Amino acid sequence: MYQRFKKYRNLFVAGIVGFAVLTTNAVVGQTTEQLTSEYHPWKWQPNARTFAMGTPMTGITNQLNDMYANPALLSFQEVTKSISISQNYYWTQGVIAENVTIPVLTNRTFPLAVGFTAHHSGLDPIEANQPLKKFSRFDGHIGGAVKVSNTVSLGALVQMNHNMASDNYKRSASALAGAYYAPSPGVSYGIRYHYYEDDVAFRSDFSGEEALMESRDVPNLIEVGTSMRFPEVSESPLVILSFASEKRSSQSGVTYKGGIEYHPLSLIDFRAGYLHGPNYVGGRYGIGLKLGRQFQVDIAHGPGYVGRSVTTINLQIHLPE
């Protein structure tokens, strides 16, 4: 199978590029709020790899930001001394979200990691009514995991939020629980449940000079999925496939997700993903670069839940052991 993939890998790359071009603007069924400058911070995308592939069920990696997709993945981390930095650009809303994640303990039996995110205005919006002004949000995260066995891990993450706009503030919280099962190097399965209490959305007032903060009833979600790698015994698989389905409370229908990662060279990965649901249909794409043994850069772009154009950039630095 590996030789077959190797023989047609140029065609495979061309297919991924063509997929990205065809699906970048394939967004249908968007709601009115997605086409304005309203910003929903709970739909923040902290992980460029999972965003590009359309689903967090992308298998085991050494990325700290995996804890925001499924905290159970922290148990499978091989690099214990690292720091992860991400920048998220929401072009439609004129918003930037910046995140830093670091490990707390080097104990692999019960690994912990903490993160901090700042959301604020800072871009001229594209295809939006007007930019968001004078608002900020600060999120604190702590996640941990425990290995039940060599193949099963359980994890949880808690997030506290402090929202400020026009001298008003509101606190909110959310929690994420997940499990991961990896019976073999080539196949893994995951499930996650994300609970939200009432959160906020930011939007500009009629004058465009102030930001308004409005409460939102955020639907909880449950997601299940699987990932497969070929060849399964390789440390750097040529191809990774991922599939998942997501159900949100108080919303009808299910969102189906699929993604692929192609690894033609030791230093580069190509990624693409596709989502199909009751309120969203669209494709995404991205790239990963390994800059030596200590640096990993991941970039993703495509339509997101909060608007037509989202760009996420992650930098992970592996510190010397």
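None of these values were measured; they are calculated from a predicted model.
At a threshold of 4.5 Å between non-hydrogen side-chain atoms, the residues Met213 and Lys170 count as touching. Side-chain contact between Ile83 and Val100 is present, with at least one heavy-atom pair separated by less than 4.5 Å. Contact check for Asp66 versus Leu74: no side-chain heavy atoms found under the 4.5 Å cut-off. Between Leu315 and Phe295, some side-chain heavy-atom pair lies under the 4.5 Å cut-off. At least one side-chain heavy atom of Pro71 sits less than 4.5 Å from a side-chain heavy atom of Leu176. Residues Thr101 and Met67 form a side-chain contact, since some pair of their non-hydrogen atoms from C-beta on lies under 4.5 Å apart.
Aromatic ring orientation, Phe135 versus Phe202: tilted (interplanar angle from 30° to 60°). Relative ring orientation between His141 and Trp44 is described as parallel, the plane-to-plane angle staying below 30° on a 0-90° scale split at 30° and 60°.
Ile268 and Ile260 fall within a single hydrophobic cluster, where Ile, Leu, Val, Met, Phe, Trp and Tyr side chains are chained together by heavy-atom contacts under 4.5 Å. There is a path of hydrophobic side-chain contacts, each under 4.5 Å, that joins Ile96 to Val297. Hydrophobic clustering, with ILVMFWY side chains joined whenever heavy atoms are under 4.5 angstrom apart, groups Ile299 together with Ile317. Residues Tyr189 and Val146 share a hydrophobic cluster, clusters being chains of Ile/Leu/Val/Met/Phe/Trp/Tyr side chains in contact below 4.5 Å. In this structure, Phe138 is not a member of the same hydrophobic cluster as Ile142, with clusters built from ILVMFWY side-chain heavy atoms closer than 4.5 Å.
Asp199 and Lys43 are not joined by a salt bridge, as no carboxylate oxygen comes within less than 4.0 angstrom of a charged side-chain nitrogen. Note on Glu261 versus Arg229: no salt bridge recorded, every NZ/NE/NH1/NH2 to OD/OE distance being 4.0 Å or above.
In the hydrophobic clustering, Tyr193 connects to Ile191, Tyr195, Ile222, Val224, either directly or through intervening members, whenever side-chain heavy atoms lie under 4.5 Å apart. In the hydrophobic clustering (ILVMFWY side chains linked at under 4.5 Å, chained through shared members), Val254 is joined by Tyr256.
In this structure, the ring-ring contact (aromatic ring centres under 6.0 Å, His included) partners of His194, at least two apart in sequence or on a different chain, are Tyr196. Taking the salt bridge (Lys or Arg N to Asp or Glu O under 4.0 Å) definition, one finds that Lys134 meets it with Glu210, sequence neighbours left out. Applying the salt bridge (Lys or Arg N to Asp or Glu O under 4.0 Å) test to Asp269 and every residue at least two apart in sequence or in another chain returns Arg271, Lys290. Under the rule for a ring-ring contact (aromatic ring centres under 6.0 Å, His included), the partners of His162 that lie at least two apart in sequence or sit in another chain are Tyr169. Residues forming a side-chain hydrogen bond (donor to acceptor under 3.5 Å, both in side chains) with Ser121 (at least two apart in sequence, or on another chain): none. For Gln294, there are no side-chain hydrogen bond (donor to acceptor under 3.5 Å, both in side chains) partners at least two apart in sequence or on another chain. Applying the side-chain hydrogen bond (donor to acceptor under 3.5 Å, both in side chains) rule to Thr311 yields the partners Trp91, His301; only residues at least two apart in sequence or on another chain are considered. For Glu214, the salt bridge (Lys or Arg N to Asp or Glu O under 4.0 Å) partners at least two apart in sequence or on another chain are Arg203, Arg216. Every residue two or more places apart in sequence or in another chain that forms a side-chain hydrogen bond (donor to acceptor under 3.5 Å, both in side chains) with Ser84 is listed here: Asn65. Residues satisfying the salt bridge (Lys or Arg N to Asp or Glu O under 4.0 Å) criterion with Arg192, sequence neighbours excluded, are Glu223.
Rounding to the nearest 0.5 Å places OG of Ser75 at 12.5 Å from OH of Tyr180. Atom OG1 of Thr151 and atom OH of Tyr181 lie 5.0 Å apart (nearest 0.5 Å). Here the OG1-CD distance, from Thr312 to Gln87, works out to 10.0 Å after rounding to the nearest 0.5 Å. With values rounded to the nearest 0.5 angstrom, Ser82 atom OG is found 4.5 Å from Gln316 atom CD. Rounding to the nearest 0.5 angstrom, the gap separating the CG atom in Leu265 from the CG atom in Leu289 is 11.0 Å. Atom CD in Gln93 sits 9.0 Å away from atom CD in Glu38 (nearest 0.5 Å).
Across every non-hydrogen atom of Pro41 and Val200, the tightest pair is CD-O, 3.5 Å. Taking all atoms of both residues into account, the shortest heavy-atom contact from His263 to Pro237 is CB-O, 3.1 Å. Here the closest heavy-atom approach between residue Ala72 and residue Gly178 is recorded as CB-O, 3.7 Å. Pairing each heavy atom of Gly302 with each of Phe51, the nearest pair is O-CZ, 3.8 Å. In this structure, Ser252 and Pro278 approach most closely via the heavy-atom pair O-CG, 3.3 Å.
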### Task
Applying side chain to side chain contact (heavy atoms under 4.5 Å, CB included), run through Leu123 and Val95 and close with a yes or a no.
CA-CA 6 Å; Leu123 300 169; Val95 173; over 6 Å; no
### Query
Given Arg171 and Met160, is the side chain to side chain contact (heavy atoms under 4.5 Å, CB included) satisfied, shown in steps?
CA-CA 7 Å; Arg171 293 177 181 174; Met160 300 299 297; 5.9 Å; no
#### Entry: side-chain hydrogen bond (donor to acceptor under 3.5 Å, both in side chains) between Ser227 and Ser188, intermediate numbers included
CA-CA 5 Å; Ser227 68; Ser188 60; 2.7 Å; yes
### Task
Assess whether side chain to side chain contact (heavy atoms under 4.5 Å, CB included) is satisfied between Leu241 and Phe243, documenting all intermediate values.
CA-CA 7 Å; Leu241 301 175; Phe243 305 95; 4.0 Å; yes
### Task
List the steps, then state whether ring pair (Phe, Tyr, Trp, His ring centres under 6.0 Å) holds for Tyr90 with Tyr39.
CA-CA 9 Å; Tyr90 298 94; Tyr39 176 62; 5.3 Å; yes
### Task
Go through the steps for Leu275 and Val281 under the test side chain to side chain contact (heavy atoms under 4.5 Å, CB included), then give the verdict.
CA-CA 5 Å; Leu275 294 82; Val281 176; over 6 Å; no
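With Thr117 as reference, Asn99 is the one residue of Asp139, Asn99, Asn161 to meet the side-chain hydrogen bond (donor to acceptor under 3.5 Å, both in side chains) rule.
Proximity of a side-chain donor or acceptor of Ser172 to a complementary backbone N or O of Asp198 within less than 3.5 Å is not detected. At least one donor-acceptor pair closer than 3.5 Å links the side chain of Asn88 to the backbone N or O of Ala97. Between the side chain of Thr255 and the main chain of His276, no donor-acceptor pair closer than 3.5 Å is present.
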